[in-house]
Amino acid sequence: MAKKPNKLKARLPRGFVDRSAQDIRATDEMLARIRAVYERYGFDPVETPAFEYTDCLGKFLPDTDRPNAGVFSVQDDDEQWMSLRYDLTAPLARHVSENINEIQLPYRTYRAGWVFRNEKPGPGRFRQFMQFDADTVGAPGVQADAEMCMMMADTMEALGIPRGQYVIRVNNRKVLDGVLEAIGLGGEDQAERRLTVLRAIDKLDKFGVEGVKLLLGEGRKDDSGDFTKGAGLDTNQIDMIANLVDVKGELQDRKSFNEHLNYIFDDHQDILDAGAEIGNLINLVQSCGYGIDRIIADPSCVRGLEYYTGTVFEAELLFDVTNEKGEVVQFGSVGGGGRYDGLVKRFTGRDVPATGFSIGVSRLMTALKNLGKLNTSDVTAPVLVTVMDGDVEALGRYQKMAQDLRNAGIRAEMYQGNWKKFGNQLKYADRRGCPIAIIQGSDEREAGEVQIKDLIEGKRLSEEIADNVTWRESRPAQVTVKEADLLETVRGILDGQADDRKRASEG
RNA sequence: GCAGACGUAGCUCAGUUGGUUAGAGCGUCGGAUUGUGGCUCCGAAGGUCGGUGGUUCGAACCCACUCGUCUGUACCA
């Protein structure tokens with residue numbers, strides 16, 4: 001009968017994660033580096049809330065009054081639908097529109113924040129993740145797009161990704177639109193088909209040209225035997241798109257890009273005009289010294305299907321990313337953006353052209369972590385002041401030692417567990433990674449002394465001592481000093497440990 | 001969403017043809033050692049076998065459903 005009480009099971013919602021101290025510190029470091037680049041380009045921060053009214057995000061399902069399934073939504077007490085933001089661009093457009101009279105355009109702005117997507121999570125894909133965006137609102141020229149591409153390249157390098165290990169791929173939506181028109185997919189009635197074609201093109205890096213061709217035609221069967229219906233184009237149409245898209249990074253400048261387009265679409269002026277815009281962007285960045293090792297034209301770059309109107313670009317990592325099991329994983333892009341000239345107009349009715357991009361911080365961190373390029377934090381654990389006597393007077397003395405260390409800028413704590421088992425205090429310090437333990441029992445107290453134990457050096461010495469009695473009695477790496485010399489001695493040991501770490505990391 | 005694989009202790013995994021009381025290693029806790037971490041030794045705790053229902057004298061094992069994880073794929077602002 002004595003059935004255990006049914007305990008509540010502690011569980012994390014699917015697709016969400018708790019972040020460790022190390023992750024938080026690493027993220028802070030990444031954010032600081034990204035922010036420094038954006039600031040240097042003259043951008044200012046602005047922050048918007050996690051919730052927006054769903055209509056401002058533009059995510060109602062067609063022909064219904066319910067929000068899209070991909071967004072987390074709740075109804076406010078007045079029955080209006082609100083949703084957690086799924087990116088930072090739509091909220092920015094809302095903010096700018098609401099404050100359009102106060103904001104000096106062109107407006108350069110950046111912001112980092114959590115965004116939420118109610119989708120199937122996967123490795124490195126979560127339902128809450130962080131983006132770090134930069135946008136220029138009210139800048140119509142391709143020179144603003146060019147600036148974005150360069151800033152994105154600078155950001156990659158600021159994060160420690162060497163040149164040649166990443167690339168910014170640039171395209172223009174108007175090229176793709178023109179091409180679709182040219183192969184006879186224009187008009188309202190073919191909208192769905194155009195989307196299918198764009199999705200197929202976007203899969204180039206995943207499936208290769210042959211895979212894309214299948215998706216443009218009848219369809220493609222994947223490894224599990226699942227069949228994806230294709231766009232149903234004829235071979236002529238498929239070949240034109242395949243030729244457009246399969247360039248293997250050969251389009252190095254304005255001239256070669258235009259020649260490429262000209263070769264396939266020599267009688268379509270709108271395509272050539274859009275192509276010229278990409279060419280101009282490439283020339284602009286090259287005049288600033290950003291060569292094809294950093295920014296390159298790529299007609300297969302598609303990006304989001306929703307609101308981009310011109311230039312689109314994305315940052316891709318070129319090194320292999322391996323997971324915990326050592327398998328190489330398809331990583332795809334770590335950020336991207338483009339021109340969205342219609343987004344502010346939805347609210348204001350005014351033409352307010354804008355361009356910007358987004359970096360997937362969480363995703364990029366996964367890549368850097370798996371690569372071992374993530375700055376492992378150099379935060380050291382606190383110095384532990386151990387407790388030998390539990391009377392209030394003694395506790396005050398221990399607490400004061402901790403305060404003195406803190407006031408001297410040294411991370412320190414007094415042991416707050418059960419002080420009666422002294423061995424456990426050092427065990428705690430060991431597991432916590434404390435560099436030093438401070439010990440003062442009645443003997444030391446009477447002599448006006450403290451014992452200072454270098455736990456790192458002690459750990460090293462322990463390898464040479466097999467016998468526990470000897471190990472305990474020898475009190476390795478432990479010195480006795482006058483109370484007045486506590487701070488200086490601790491600082492000396494910490495400095496020595498820091499030097500050792502530096503030497504070790506430099507190999 | 002679709003397809004497949006897998007769910008046994010905190011973790012990694014054994015578990016015979018369906019047969020008594022479900023095991024190991026690691027970890028955790030306690031002791032040897034109440035003022036000294038590591039090592040070693042001794043001991044203990046820890047399980048609705050993912051859940052529900054069914055077949056059976058009997059189910060961790062077989063069946064159905066369901067939940068979760070992983071892989072591929074679709075969607076992805």
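Convention: sequence-line order gives letters A, B, ...; per-chain numbering from 1. Side chains are part of it too, since the values below use all heavy atoms of this structure and drop only hydrogens, waters and symmetry mates.
A/E188 has no carboxylate O lying under 4.0 Å from a charged side-chain N of A/R194, or vice versa, which leaves the two without a salt bridge.
Residues satisfying the ring-ring contact (aromatic ring centres under 6.0 Å, His included) criterion with A/Y428, sequence neighbours excluded, are A/Y415. Among residues two or more places apart in sequence or in another chain, the side-chain contact (heavy atoms from CB on, under 4.5 Å) test is passed with A/T48 by A/E52, A/R85, A/P91, A/R94, A/H95. The side chain to side chain donor-acceptor pair (under 3.5 Å) test applied to A/K459 returns A/D430, not counting sequence neighbours. For A/Y308, the ring-ring contact (aromatic ring centres under 6.0 Å, His included) criterion is met by no residue, not counting sequence neighbours. Residues passing the salt bridge (charged side-chain N to carboxylate O under 4.0 Å, His left out) test with A/K420: none are found, sequence neighbours excluded. Scanning for ring-ring contact (aromatic ring centres under 6.0 Å, His included) contacts around A/F51 gives an empty result, with sequence neighbours left out. Applying the ring-ring contact (aromatic ring centres under 6.0 Å, His included) test to A/F132 and every residue at least two apart in sequence or in another chain returns A/Y38, A/Y110. In terms of the salt bridge (charged side-chain N to carboxylate O under 4.0 Å, His left out) criterion, A/K203 has no residue partners (sequence neighbours excluded).
With hydrogens and angles left out, the side chain of A/R199 and the base of B/rA74 share no donor-acceptor pair within 3.5 Å. No hydrogens or angles were tested; on distance alone, a donor-acceptor pair under 3.5 Å links the side chain of A/Q478 to the base of B/rU36. The base of B/rU36 sits with one of its N or O atoms less than 3.5 Å from a complementary donor or acceptor on the side chain of A/K453.
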Expected output check: what is the dot-bracket annotation of RNA chain B, where ( ) and [ ] are pairs inside the strand (brackets for crossing ones), | is paired with another strand, and pairs are Watson-Crick or G-U under 3.5 Å? (((((((..((((.....[...)))).(((((.......))))).....(((((..]....))))))))))))....

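Shown for residues 85-93 of chain A: residues whose heavy atoms fall under 4.0 angstrom of RNA chain B, namely A/Y86, A/D87.
The stretch residues 345-359 of chain A participates, sequence neighbours left out, in these salt bridge (Lys or Arg N to Asp or Glu O under 4.0 Å) pairs: A/K345-A/D351.
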Show the distances under 3.5 angstrom between N or O atoms of the protein and N or O atoms of nucleotides 8-12 of chain B.
none

